[in-house]
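Heads up: the structure comes next, in structure tokens.
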Amino acid sequence: ALAVGLALGLVTWWRWRRPRPRPRPVREVLFFPSQPSCTEALLAEAAGPGSAKLRPCPCPLPRLDCSLSRLLRRLLSARRSLDLCLFAFCSPQLGQAVRILHRRGVRVRLLTDAMSMGFSGSQIGLLRQAGIQVRHDEKTGYMHHKFAVVDRRILITGSLNWTTQAIQNNRENVLILEDVECVKSFLDEFERIWGEYDPSNYTFFPQRQ
């Protein structure tokens, strides 16, 4: 019995001491247009039991694992922060996901292009009403970036504008990447533009002489 106990103890010790395999870094590529799919259940689950949209969605669309649903899941995985740098933001599903994160206490910051805020269906007004920080340019030339950083460790970037038109109709790509050096470069660019677009720097109204 003593020998058996010692053997079991050694096996337990060895398992405890054995290096655990590190999780593989995130590497995912999404292509658009995305298949038509209902994402209401996914968003309702993310919103939690207090959501008003827990009833089954009556729309006829299937619930598929598609590019849009995968993008939504990556966004909704944020626990601490979400930094968005987007030329256009008109997708109601992506807008709802960002508002859900804000309600959870995730720090959300958004940089966008001044002209694109006037696009039909723009989510910027709703995001601002929810209390999300939004900054935009005031100069000529587009703020044409299209990237997001989740929890300062996962980069989401590609050709995709966050619009219904792009998601449903355009040939687009999105790369989701967990890479320290790449993420740092994008975060540095985000912080640089965030400072540049500080409203205290705006010159819409000329200073009186």
Side-chain angles (χ1 to χ4, degrees), residues 26 30 32 46 68 71-72 74-167 170 172-209:
V26 174
L30 306 178
F32 293 81
L68 176 57
L71 177 56
L72 285 167
R74 287 296 179 189
L75 287 176
L76 291 166
S77 71
R79 293 294 176 266
R80 296 177 299 279
S81 65
L82 177 65
D83 293 318
L84 302 166
C85 193
L86 304 169
F87 170 66
F89 194 164
C90 303
S91 164
Q93 294 94 336
L94 293 172
Q96 187 177 343
V98 171
R99 294 195 301 275
I100 288 170
L101 290 174
H102 176 69
R103 289 197 297 271
R104 282 185 191 167
V106 173
R107 185 191 68 164
V108 179
R109 296 184 294 172
L110 170 62
L111 291 166
T112 191
D113 183 78
M115 187 197 73
S116 74
M117 294 192 299
F119 289 172
S120 176
S122 175
Q123 296 292 298
I124 302 302
L126 293 173
L127 297 176
R128 278 181 159 159
Q129 288 175 18
I132 292 171
Q133 299 180 74
V134 178
R135 292 185 181 181
H136 61 80
D137 61 316
E138 63 154 355
K139 300 177 182 178
T140 58
Y142 295 133
M143 201 304 296
H144 212 237
H145 283 309
K146 306 167 187 72
F147 70 85
V149 180
V150 176
D151 288 339
R152 302 183 68 83
R153 69 181 185 88
I154 295 178
L155 170 67
I156 301 173
T157 189
S159 67
L160 182 75
N161 280 317
W162 288 23
T163 67
T164 301
Q165 164 68 27
I167 291 168
N170 293 356
E172 308 278 3
N173 66 81
V174 167
L175 173 66
I176 303 173
L177 183 66
E178 190 175 13
D179 180 281
V180 174
E181 292 183 5
C182 287
V183 167
K184 183 181 183 306
S185 295
F186 276 85
L187 280 174
D188 287 348
E189 175 69 358
F190 183 93
E191 296 294 351
R192 186 189 68 78
I193 302 175
W194 186 258
E196 181 182 333
Y197 288 3
D198 187 324
S200 64
N201 297 329
Y202 291 168
T203 57
F204 294 117
F205 306 103
Q207 300 293 320
R208 292 183 180 179
Q209 300 297 324

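- Using a 4.5 Å heavy-atom cutoff, the side chains of Leu127 and Val108 are not in contact.
- Here CZ of Phe190 is found 7.5 Å from CG of Leu110. Values are rounded to the nearest 0.5 Å.
- Not a single donor-acceptor pair under 3.5 Å links the side chain of Thr157 to the backbone N or O of Leu175.
- In this structure, Lys184 does not pair ionically with Glu181, as no charged nitrogen and carboxylate oxygen lie closer than 4.0 Å.
- Side-chain contact between Ile156 and Arg74 is present, with heavy atoms from C-beta onward closer than 4.5 Å.
- Contact annotation: the side chain of Phe119 never approaches that of Thr163 to less than 4.5 Å [non-hydrogen atoms, C-beta and beyond].
- Judged by distance alone, with hydrogens and angles left aside, the side-chain atoms of Glu138 form a donor-acceptor pair with the main-chain N or O of Thr203 at under 3.5 Å.
- In this structure, Asn173 contributes its side chain and Gly158 its backbone to no donor-acceptor pair below 3.5 Å.
- Residues Phe89 and Ile124 share a closest heavy-atom pair of CB-CD1, 4.2 Å.
- You'll find the side chain of Thr164 stays beyond 4.5 Å of the side chain of Cys90, heavy atoms only.
- Nearest heavy-atom pair across Leu177 and Cys182 is CD2-SG, 3.9 Å.
- In this structure, the side chains of Leu155 and Asp179 stay at 4.5 Å or more apart for every pair of heavy atoms.
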message = Under the criterion side chain to side chain contact (heavy atoms under 4.5 Å, CB included), I'd like the reasoning laid out for Gln96 against Ile100: C-alpha separation, chi angles, the key distance, then a yes or no.
response = CA-CA 6 Å; Gln96 187 177 343; Ile100 288 170; 4.2 Å; yes
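- Rounding to the nearest 0.5 angstrom, the gap separating the CD1 atom in Ile154 from the CG atom in Leu75 is 10.5 Å.
- In terms of heavy-atom proximity, Ile176 sits nearest to Leu30 at CD1-CD1, 3.9 Å.
- Using a 4.5 Å heavy-atom cutoff, the side chains of Arg135 and Met143 are not in contact.
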Check against side chain to side chain contact (heavy atoms under 4.5 Å, CB included), Arg152 and Arg80 = CA-CA 9 Å; Arg152 302 183 68 83; Arg80 296 177 299 279; over 6 Å; no
request  = Carefully, step by step, assess Trp162 and Gln93 under the rule side chain to side chain contact (heavy atoms under 4.5 Å, CB included).
outcome  = CA-CA 10 Å; Trp162 288 23; Gln93 294 94 336; over 6 Å; no
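- Nearest heavy-atom pair across Phe32 and Ala166 is CB-O, 4.2 Å.
- Checking each of Leu86, Asn170, Val174 against Leu160 for a side-chain contact (heavy atoms from CB on, under 4.5 Å) leaves exactly one that passes, namely Val174.
- Residues His144 and Lys146 form a side-chain contact, since some pair of their non-hydrogen atoms from C-beta on lies under 4.5 Å apart.
- Within the 3.5 Å criterion, the main-chain N or O of Ala114 finds a donor-acceptor partner in the side chain of Asp137.
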request  = Would you please test Tyr197 and Leu111 for side chain to side chain contact (heavy atoms under 4.5 Å, CB included) and show each step?
outcome  = CA-CA 8 Å; Tyr197 288 3; Leu111 291 166; 3.8 Å; yes
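- Judged by distance alone, with hydrogens and angles left aside, the side-chain atoms of Asp151 form a donor-acceptor pair with the main-chain N or O of Ser81 at under 3.5 Å.
- At least one donor-acceptor pair closer than 3.5 Å links the side chain of Arg79 to the backbone N or O of Ser77.
- In this structure, the side chain of Arg104 engages the main chain of Leu76 through a donor-acceptor pair within 3.5 Å.
- Atom CD1 of residue Ile132 and atom CD of residue Gln123 lie 10.0 Å apart, to the nearest 0.5 angstrom.
- Between His145 and Ile193 there is a side-chain heavy-atom pair separated by less than 4.5 Å.
- Here the closest heavy-atom approach between residue Leu84 and residue Ala148 is recorded as CD2-CB, 3.5 Å.
- Met115 contributes atom CE, which lies 13.5 Å from atom NE2 of His136 (distance to the nearest 0.5 angstrom).
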request  = Would you please test Glu196 and Asn201 for side-chain hydrogen bond (donor to acceptor under 3.5 Å, both in side chains) and show each step?
outcome  = CA-CA 7 Å; Glu196 181 182 333; Asn201 297 329; over 6 Å; no
